[in-house]
Amino acid sequence: MNAPIEKRRSPVLIEASALTRCRHRVYLDATFPEDLAAAPENPGAKQRQEAAAAHRESIRRQLFGAQPGWVQIAGDRPASARAEDTIRACRDGADRIWGAVLPADLGTGRRGRSEMLLRDTEHGGYIPVIVVNHKVTDPGRGATTTGLFAWEPAVDETRKVRSQPRDQMRVAHLYRMLERHGLATPAKIAGAVGYGGDCILVHDLSEVLGDYDERFADRVAIARGEVATEPAQIGECRTCPWWTRCREQLVRTHDVSLVAPGQRATVLHELGVHTVDELARWDGTEPEVWPQGSFADTVVTAKAWLVGAPLVRRYPHVHVHRADIEVDVDMESYHEFGAYLWGTLLNGDGDAVYRPFATWDPVPTEDEARSFGEFWSWLSDQRKVAERRGKTFAAYCYSRSAEDKWLLSSARRFGGRPGVPSEAEVRAFIDSPQWVDVYQAVTDQFVCPNGKGLKKIAPLAGHRWRDDEAGGEASMSWYREAVGYEGVPDPTQRQRLLEYNEDDVVATKILREWMTDRAVLEIPHIDDL
């Protein structure tokens with residue numbers, strides 16, 4: 001059922017973030033602002049905001065230390081006063097403005113702010129430049145970049161553009177706001193400083209503004225109550241403050257997006273399938289185009305959802321690679337700054353023993369080389385012991401992509417330090433049968449209606465985490481406190497991280513043992529549904 005269209009008495013203002021956000025969320029944000037303000041703060045969102053603020057401040061210090069003549073808009077004044085200060089600085093011809101706030105535009109419905117406005121000395125007007133805490137380029141060639149301290153755009157033969165639609169929409173939004181005041185550069189360009197902060201990626205807005213205008217018109221009409229929307233499950237729902245409300249409605253109607261989120265639901269709607277029940281009864285040929293994963297698995301997921309089965313076996317038997325000596329491994333990293341903890345659980349002849357290899361110097365730090373070198377040396381020793389004793393060896397992780405990334409990058413960054421292997425040594429290990437991804441074993445042998453994350457699957461095997469808040473995003477906040485990013489390091493948060501890491505490696509151990517011994521008895525087969 002479409003959400004009711006409500007006319008609003010007060011003017012609507014939206015920021016650029018709404019342009020890449022769920023359309024129904026835009027409606028709810030604008031219609032129920034009091035409920036939104038009262039919603040509990042998402043710890044993950046708070047942590048990302050804190051990290052982004054720290055990154056912006058780091059860039060500001062670099063720029064102010066290297067260049068005189070910056071105009072900084074005071075951040076402790078009301079938004080309207082900051083907007084007046086920004087426009088005044090532009091009218092006065094300031095070369096570089098930090099902390100710019102543009103006047104809220106009641107006519108168009110726009111509001112926005114830009115970390116920087118740079119005067120275009122060649123064409124006139126101002127170039128909006130944003131500072132974001134994610135990558136804006138990747139290794140490659142073809143991106144147009146300029147240095148932080150002089151606007152000299154040129155094709156960069158070492159970087160390619162990383163697609164970031166949210167950044168493109170934000171700089172286009174700011175450009176349109178500058179246009180309203182006659183302050184936009186006619187060159188139709190903007191910039192973004194990303195993670196790493198060593199250059200400005202130059203955006204050609206002539207390729208973006210058409211898409212921006214279309215999206216903005218859609219979102220502002222929704223926010224004004226002129227266009228109806230309806231809920232559907234997408235990836236954004238995981239962190240949305242409205243998810244509980246939307247989920248209740250979707251469950252009542254058995255909406256098919258509950259088992260086929262995102263584009264998959266769109267395809268099913270086009271085929272006339274709107275409910276989980278209809279999908280579970282599917283007996284036709286598979287759709288010619290299916291956006292993600294196996295269509296057959298999606299049908300099984302619908303059947304499992306209807307009977308409340310959290311997991312379904314694909315085969316009569318369940319198998320996971322086992323060995324005489326087994327080590328569980330779980331790595332903890334802080335954004336792209338470094339891997340600060342390698343946790344291990346050794347399972348051999350006696351009781352399982354947890355051993356962490358950590359650095360509590362804030363990453364990036366040279367001490368990361370020490371902890372990584374000690375971890376690798378210890379792991380190599382266990383492999384050698386197994387070989388000398390004529391026993392088999394296996395090391396396990398859950399979803400190996402993160403561990404593989406930091407194993408390889410640590411070898412590259414710290415090559416030559418004590419205990420640190422060559423990249424070739426790491427590659428040989430992770431490509432060998434001794435490196436086992438339990439996540440892949442789960443993916444291959446089960447259909448997982450509620451997701452395949454360790455926090456979803458391990459409880460089915462009987463595992464529980466000691467900390468109710470345990471999770472990747474929460475651990476980021478714990479880490480900031482543990483190493484003292486904002487003050488004195490907190491040893492209790494270090495212990496909390498160690499316990500969380502230990503629980504993760506124990507979860508992997510319990511999960512593979514359950515798969516070996518009990519899963520076939522406890523989990524229904526596809527044919528049982």
Side-chain angles (χ1 to χ4, degrees), residues 1-46 48-49 52 78-80 82-83 101-113 165-170 172-174 176-177 180 211-258 260-266 268-269 274-276 473:
M1 171 183 276
N2 287 354
I5 300 176
E6 299 186 16
K7 297 295 184 182
R8 293 167 183 78
R9 296 176 183 174
S10 59
V12 166
L13 293 169
I14 62 174
E15 298 183 349
S17 57
L19 277 64
T20 52
R21 183 170 287 168
C22 163
R23 296 171 77 247
H24 191 60
R25 179 175 176 179
V26 172
Y27 162 76
L28 292 171
D29 286 353
T31 308
F32 306 105
E34 296 84 3
D35 292 357
L36 180 64
E41 188 171 35
N42 182 282
K46 179 182 178 182
R48 289 191 294 273
Q49 291 165 3
S80 58
R82 284 182 283 158
V101 175
L102 298 175
D105 191 335
L106 299 180
T108 64
R110 293 185 180 95
R111 64 180 176 189
R113 54 184 175 77
R166 54 186 166 166
D167 294 350
Q168 294 178 330
M169 291 300 102
R170 185 178 168 203
H173 188 81
L174 294 168
R176 288 298 192 216
M177 294 188 76
R180 292 278 287 184
D211 182 29
Y212 164 81
D213 290 339
E214 184 177 335
R215 288 189 186 216
F216 180 79
D218 173 68
R219 296 308 197 273
V220 79
I222 290 169
R224 287 171 173 166
E226 298 166 357
V227 173
T229 60
E230 59 185 10
Q233 185 173 351
I234 59 174
E236 184 184 330
C237 295
R238 291 191 297 269
T239 57
C240 179
W242 302 106
W243 173 232
T244 299
R245 179 186 300 208
C246 291
R247 188 177 188 280
E248 289 175 354
Q249 180 176 336
L250 296 175
V251 169
R252 281 197 307 272
T253 60
H254 283 205
D255 190 273
V256 75
S257 68
L258 289 168
Q263 287 299 314
R264 289 175 287 176
T266 302
L268 289 169
H269 289 165
H274 297 276
T275 68
V276 179
E473 289 191 337

Which atom pair, heavy atoms only, marks the closest approach of [X] to [Y]?
X      : Y      : answer
Met177 : Pro103 : CE-O, 3.3 Å
Thr108 : Val220 : O-CG2, 3.8 Å
Ile14  : Ala223 : CG2-CB, 3.9 Å
Ala260 : Leu268 : CB-CD1, 3.7 Å
Ala18  : Arg219 : O-NE, 3.1 Å

How many angstroms lie between atom [atom1] of [X] and atom [atom2] of [Y], to the nearest 0.5 angstrom?
X      : Y      : atom1 : atom2 : result
Leu36  : Arg25  : CG    : CZ    : 7.5 Å
Leu250 : Cys237 : CG    : SG    : 7.5 Å
Ile222 : Arg224 : CD1   : CZ    : 12.0 Å
Arg23  : Ile234 : CZ    : CD1   : 11.0 Å
Glu214 : Leu19  : CD    : CG    : 11.0 Å
Arg180 : Arg110 : CZ    : CZ    : 7.5 Å

Min side-chain heavy-atom separation [X]-[Y] under 4.5 Å:
X      : Y      : result
Arg215 : Thr20  : yes
Gln168 : Asp211 : no
Gln249 : Arg252 : yes
Cys240 : Leu28  : no

Any residue meeting salt bridge (charged side-chain N to carboxylate O under 4.0 Å, His left out) with Arg170, in chain and number order, not counting sequence neighbours: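 Applying salt bridge (charged side-chain N to carboxylate O under 4.0 Å, His left out) to Arg170 gives Glu115.
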Full working for side chain to side chain contact (heavy atoms under 4.5 Å, CB included) between His274 and Val256: CA-CA 5 Å; His274 297 276; Val256 75; 5.5 Å; no
Pi-cation contact, Phe216 with Arg176 (under 6.0 Å, within 45°):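 No, Arg176 does not sit over the ring of Phe216.
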All pairs passing salt bridge (Lys or Arg N to Asp or Glu O under 4.0 Å) where residues 237-251 contributes a residue, at least two apart: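 Only Asp35-Arg245 qualify under salt bridge (Lys or Arg N to Asp or Glu O under 4.0 Å).
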Parallel, tilted or perpendicular: ring planes of Tyr27 versus Phe32, cut at 30 and 60 degrees: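 Ring orientation of Tyr27 relative to Phe32: perpendicular.
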Derivation of the side chain to side chain contact (heavy atoms under 4.5 Å, CB included) call for Leu13 and Leu106: CA-CA 7 Å; Leu13 293 169; Leu106 299 180; 3.9 Å; yes
Test item: side-chain donor near acceptor, Ser257 and Asp255, under 3.5 Å: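 Indeed, the side chains of Ser257 and Asp255 share at least one donor-acceptor pair under 3.5 Å.
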Within 6.0 angstrom of Glu15 CD, more than 12 heavy atoms from elsewhere: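 Enclosed: over 12 neighbouring heavy atoms sit under 6.0 Å from CD of Glu15.
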CD/Gln263: more than 12 non-hydrogen atoms of other groups inside 6.0 Å: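 Result for CD/Gln263: open.
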Arg111 backbone acceptor or donor facing His173 side chain under 3.5 Å: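 Side chain of His173 to backbone of Arg111, a donor-acceptor pair under 3.5 Å: yes, one is there.
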Residues which pass side chain to side chain contact (heavy atoms under 4.5 Å, CB included) with Pro261, listed by chain and number, not counting sequence neighbours: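 Counting only residues at least two positions away or on another chain, Pro261 forms a side chain to side chain contact (heavy atoms under 4.5 Å, CB included) with Gln233, Arg264.
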